[in-house]
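Below: one structure, written as structure tokens.
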Amino acid sequence: MKNNTGFSYSYSAPRNKEVENIRKKYLPASESNLDLLRRLNFYVQSAGKLEALALGAVGFIMFGWGFCLLLGVLEGGFAPAAILMAIGGVLMSTAYPVSKYLYRKKRAEYAPRIIELSDEISRELRGGGSI
């Protein structure tokens, strides 16, 4: 009679990796502090760009429409052309200040959280705990 008291262990790296990949799909999504910091920074940096682009584009179209009326390419007259060109010029010239205003507003809103996160990440990188 044989007495088998040996230990047997088999490990398969590709299988384990496949199991981990499947498992990750069903775990709740978690975001690291660095990912959160990057996302908040992106929000601040992109604040006001879409609004400024829309103002500038609408202003450019109105200005061009007025210019076409002024040159006689389209039927209209001088008064509607001047009004459209003036409104278009005002819209184009306000695009940059609107962009800056919205950027500063978003920056003030997110600054405390971004500083807090960056301090926390810096402490982790230095190996220190919480203060």
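Counting begins at 1 with the first residue of the sequence. Just the heavy atoms: all of them, side chains too, but no hydrogens, waters or symmetry mates, feed the values below.
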Going by atom type alone, with no hydrogens or angles, which donor-acceptor pairs under 3.5 Å involve a side-chain atom of residues 83-94 and a protein atom two or more places apart or on another chain?
from	atom 1	to	atom 2	distance (Å)
S93	OG	G89	O	3.1
S93	OG	V90	O	3.0
T94	OG1	V90	O	3.2
T94	OG1	L91	O	3.0

Can you list the other members of the hydrophobic cluster that holds [X], where links are side-chain heavy atoms under 4.5 angstrom apart?
X: Y26; value: I22
X: V19; value: none
X: I115; value: none

Please report the shortest heavy-atom distance between [X] and [Y], naming the atom on each side.
X: A95; Y: G56; result: CB-N, 4.0 Å
X: P112; Y: A108; result: CD-O, 3.6 Å
X: A47; Y: L102; result: CB-O, 3.9 Å

Shared ILVMFWY cluster between [X] and [Y], side chains joined below 4.5 angstrom?
X: L53; Y: Y96; result: no
X: L71; Y: I61; result: no
X: V73; Y: L70; result: yes
X: Y103; Y: L40; result: yes
X: M62; Y: L55; result: yes

Reported [atom1]-to-[atom2] distance for the pair [X] and [Y], which is rounded to 0.5 angstrom:
X: E51; Y: S99; atom1: CD; atom2: OG; result: 8.5 Å
X: R104; Y: K106; atom1: CZ; atom2: NZ; result: 16.0 Å
X: I121; Y: L34; atom1: CD1; atom2: CG; result: 5.0 Å

Query raised in the report: For atom CD of E75, is the number of surrounding heavy atoms from other residues, nucleotides or ligands below 6.0 Å larger than 12?
Result: no

**Report entry** Over 12 foreign heavy atoms within 6.0 Å of CZ, R39
**Finding:** yes

Query raised in the report: With N21, which residues qualify under side-chain contact (heavy atoms from CB on, under 4.5 Å), at least two apart?
Result: K17

Query raised in the report: Got a sec, which pairs hit side chain to side chain donor-acceptor pair (under 3.5 Å) with one end in residues 107-120, sequence neighbours left out?
Result: N33-E120, R113-E116

